[in-house]
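Count residues from 1 along the sequence.
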Amino acid sequence: MAVRLRISKAEAVILGETLHMVDNVSETLVELRALNATSEPLCLSHQDLKTMLDDGKARLEYGYFSNSRAARRASAGSMLVSRMPAAEQARVFRKQLFVEEFEAGEAAKEVSRSQASVCAYMPKLVERVEARLTEQICQGRNAEELAKLFALRAPCRTSLMKWLRDWQETRDPMCFVKRSRFNSQNAKRVSARAEAIMQETFKLYLHPNRVNVPYVTMQVNRVIRELNKSLALNEDLPEPEISESTVRRRISELNKFEVCAAREGLTVAKNKFGPYTKGLLVEAPLQGVEMDEWQIDLLAFLEGGGIDVSRPSFDKLRTGRSWICVALDRATRVVLAVKMAFKPNSDIALATLWLAMRNKAAISKQLGCQKEWSQGGHIFSVFVDNGSAFVDSKFSAALADLDVGYEVLPAGVPKLRARIERLFRTFGTRLMQRLTGRTFGNTQERGDYPADQNIVHTAESIVELLVSFVVDEYHDTPHRGLEYATPANTWDRLIDQYGHSPAKSPHELRHILGIPLQRQLGRHGVLVCGVNYHSRELAEYFMRYGAQKMDLRLDPEDMGFLSIWYDDAWHTIPAGLSKLQGVSLAVWDATIRDLRRTNKAAARLHIDVVDAALERSTKNDDAQRAWRQIGPLTVSARDIRRAEQECFFGLSFGGEAEAEQITPLSDRPSLSNAISQAAEKTPTASTQPTPPDPAPNTDGGSRKPKFSWRFSDDNE
């Protein structure tokens with residue numbers, strides 16, 4: 001099938017470090033022009049551009065030249081909500097809760113926007129917000145900072161209405177961040193008083209009389225001149241008048257649909273800005289994605305999911321019911337992702353979102369499916385319920401940074417999420433009825449069936465059954481909601497009609513959704529799981545600022561690259577070992593553990609030994625790699641810290657961490673030829689030798705840590 005990308009002129013394509021505008025899009029070619037316009041246009045086929053995007057050689061910025069994105073860059077620059085301190089994220093989350101609860105009360109006609117109504121409703125609004133905060137604290141997410149919010153006073157009506165207006169214009173959490181944080185030059189050119197006068201006078205523009213911009217500018221300056229008369233009496237400095245170009249820029253930032261509706265009428269606005277020309281009944285793939293969680297109607301053994309239940313104290317945990325988090329495309333009913341979990345949380349929700357954007361053909365092939373699970377791409381809007389995993393500030397912040405719309409639908413109205421609710425019913429009636437150990441929907445349906453005595457499945461077998469059912473059966477079964485077309489055929493038909501929206505590059509997805517870590521920067525770069533990650537730019541940063549804590553993001557399915565935050569942006573840093581590209585953390589951990597056991601008599605682990613072991617492990621990892629991406633085995637920052645203490649202690653692959661001085665960049669040896677320092681420095685119980693020299697100290701100190709025997713689950 002020929003590839004056609006869904007790209008408009010509002011998008012930007014970044015090739016290397018150069019920003020390109022989309023000059024023209026045809027059926028076969030995409031014409032790009034560099035922003036500086038000094039070079040000739042670049043013409044690429046849709047297939048070539050998609051290949052470059054998939055390989056990470058190009059990046060696609062959706063809506064880069066749109067008004068809302070331009071306004072965010074002007075005020076916030078490269079600031080991301082997820083990069084703010086925890087206290088500031090909590091305050092932003094509190095403001096968002098106030099606005100969402102007020103909108104819910106206004107929709108239920110419990111309150112209006114009048115002074116008396118808001119003041120009477122405020123105690124009830126505060127109670128609902130505190131209940132939402134309490135729920136988040138019980139989930140243990142950012143509990144320390146959220147608890148401090150109870151001491152804050154409730155906002156006044158003026159503040160609440162301002163939050164509400166700002167939120168309804170953009171639906172972006174960045175609107176709740178104090179503007180004083182950014183201190184940009186654009187914010188200093190127009191004073192707060194002049195800005196308020198402009199915003200108030202814009203009511204003249206939003207009128208059926210359709211006044212022009214010069215008239216609005218005249219009215220703004222007239223009000224400013226009147227203000228200057230009163231300022232002169234108080235011997236204050238006068239406010240400068242506003243230029244017509246400034247007024248035009250402010251008007252261009254207004255919501256286009258609202259401007260058209262106010263000046264030309266609602267019908268004209270719907271016809272001009274409505275989704276496509278065929279109305280709301282036709283939706284493009286990935287335009288809206290529903291996400292929800294479901295507890296599987298099946299008892300299973302938990303040993304297959306990675307839980308150690310060998311102790312007698314874990315008798316009650318030997319069996320249980322797992323949860324799945326599902327992402328479903330609304331237009332085509334295609335299942336974009338399925339992720340298993342023993343308990344739903346925001347990490348599982350983000351992992352499901354990450355999987356939904358990927359091409360999963362390799363997963364379906366490795367799990368024995370006959371068809372390819374290739375559906376995926378950039379998601380434009382996500383629709384969720386009020387589940388704790390989805391209303392978490394971590395989840396909403398990641399969506400905002402990924403340029404994905406976020407809609408929390410009202411609780412208690414399942415028909416608003418009818419598609420995914422119907423999918424869970426399909427799982428229960430068409431898949432679970434075939435499996436032994438089914439628990440049914442409730443006790444009345446189960447009757448006297450002894451589900452606990454008929455447990456035969458493990459978490460691993462459930463993963464294979466789910467993926468096989470979705471890819472080979474559900475996607476190729478006629479669906480009544482699609483006029484009896486299959487989801488797979490509907491996806492292909494709508495992709496041909498509207499084009500494909502490729503996901504962001506793997507590096508950008510890792511920046512936002514990767515496992516968060518902190519490591520000490522040194523002459524060797526940063527050390528993660530025995531591997532040094534380094535680059536020329538990182539070395540120059542170290543030479544300027546010295547050793548310090550660095551924020552990292554790690555993709556557990558690809559150890560070849562690491563995301564590091566410095567200079568107010570994420571940067572992709574390669575691993576010192578070139579063989580690690582495409583190697584998962586599980587394979588790397590198993591390889592080093594095996595070498596530790598088989599090379600006890602060796603003084604060092606050489607690069608060629610590690611490379612050979614990696615090749616052997618990777619060949620045996622294909623099926624397990626597919627299962628890990630769907631199954632409940634997730635890697636957290638705590639798991640990585642424990643693995644570094646148990647397996648990677650004393651290892652340093654891909655860099656000269658113990659050099660006496662900083663080697664000039666041009667004279668440094670190749671990282672791929674470096675010999676790792678592993679040693680038989682690891683003490684044994686019988687000899688108790690001198691503890692080994694540690695890896696670079698993560699707390700920046702010079703003390704050597706004391707070695708002590710410990711068990712692997714001490715930190716649990």
Close side-chain approach of P556 and I515, heavy atoms under 4.5 Å: yes

Could you please spell out the steps behind the salt bridge (Lys or Arg N to Asp or Glu O under 4.0 Å) verdict for D329 and R419? CA-CA 9 Å; D329 181 60; R419 297 170 178 83; over 6 Å; no

Does H479 reach the main-chain N or O of A485 with its side chain, forming a donor-acceptor pair under 3.5 Å? no

Nearest heavy-atom approach of T486 to P478 is CG2-N, 3.8 Å

Going through the checks in order, is the side chain to side chain contact (heavy atoms under 4.5 Å, CB included) test met by M52 and L15? CA-CA 9 Å; M52 295 176 68; L15 301 176; 3.6 Å; yes

In terms of heavy-atom contacts, does CD of E31 have more than 12 from other residues, nucleotides or ligands at under 6.0 Å? yes

For F427 and F424, take the angle between the two ring planes, folded into 0 to 90°, and tell me which bin it lands in: parallel under 30, tilted 30 to 60, perpendicular over 60. tilted

Could you please spell out the steps behind the side chain to side chain contact (heavy atoms under 4.5 Å, CB included) verdict for M291 and C325? CA-CA 7 Å; M291 292 184 64; C325 185; 4.1 Å; yes

Is it true that a side-chain atom of S364 and a backbone atom of W373 form a donor plus acceptor pair closer than 3.5 Å? yes

Are Y205 and H207 near enough that their ring centres are under 6.0 Å apart? no

Inspect the contact between D54 and K50 and indicate whether a charged nitrogen and a carboxylate oxygen are less than 4.0 angstrom apart. yes

Any donor-acceptor pair under 3.5 Å linking the side-chain atoms of R59 with those of S505? no

Is there a donor-acceptor pair under 3.5 Å between the side chain of Y62 and the backbone N or O of H378? no

Determine whether a donor-acceptor pair (N or O, by modelled atom type, separation under 3.5 Å) exists between the side chain of R4 and the backbone of D496. yes

Less than 4.0 Å between a side-chain N and a carboxylate O, is that true for R430 and E473? yes

How would you list, by chain and number, every residue that makes a ring-ring contact (aromatic ring centres under 6.0 Å, His included) with W167, sequence neighbours excluded? F176

Between D472 (side chain) and C369 (backbone), is there a donor-acceptor pair under 3.5 Å? no

Note: R330 and V289 closest approach over all heavy atoms is CG-N, 4.2 Å

Do V30 and C43 come close enough that some side-chain heavy atom pair is under 4.5 Å? no

For T51 and D48, does a side-chain donor sit closer than 3.5 Å to a side-chain acceptor? no

Do the side chains of D347 and K394 get close enough for a salt bridge, i.e. N-O under 4.0 angstrom? yes

With distance as the sole criterion, is a donor-acceptor pair present between the side chains of R249 and T246 under 3.5 Å? yes

Answer whether the closest heavy-atom distance between the side chains of E421 and D292 falls below 4.5 Å. yes

Side-chain contact test, heavy atoms from C-beta onward, threshold under 4.5 Å: evaluate it for K360 versus Q375 and give yes or no. no

Looking at K371 and D476, does any basic side-chain N land under 4.0 Å from a carboxylate oxygen? yes

Lys/Arg-Asp/Glu bridge criterion (N-O < 4.0 Å) met for R510, D558: no

Only counting residues at least two apart or in another chain, list the ones meeting side chain to side chain donor-acceptor pair (under 3.5 Å) with R422. T426

With sequence neighbours excluded, residues passing ring-ring contact (aromatic ring centres under 6.0 Å, His included) with H571: Y566

Nearest 0.5 angstrom please: T572 OG1 to E537 CD, how far? 11.0 Å

With sequence neighbours left out, what residues match S396 under side chain to side chain donor-acceptor pair (under 3.5 Å)? none

Any idea how W570 and W565 line up, ring-wise: parallel (<30°), tilted (30 to 60°), or perpendicular (>60°)? perpendicular

Indicate yes or no: at least one non-hydrogen side-chain atom of L409 is less than 4.5 angstrom from one of D385. no

Side-chain contact, heavy-atom cut-off 4.5 Å: V326 with T352? no

Smallest separation among heavy atoms of H20 and L32, with atom names: CB-CB, 4.0 Å

Do N255 and Q168 come close enough that some side-chain heavy atom pair is under 4.5 Å? no

Which pairs, with at least one residue in residues 349-358 and sequence neighbours excluded, count as a salt bridge (charged side-chain N to carboxylate O under 4.0 Å, His left out)? R358-D555

Return the set of residues passing ring-ring contact (aromatic ring centres under 6.0 Å, His included) with F561 (not counting sequence neighbours), or none when no residue passes. H507

A side-chain contact here means heavy atoms from C-beta on lying under 4.5 Å apart; do V247 and F202 qualify? yes

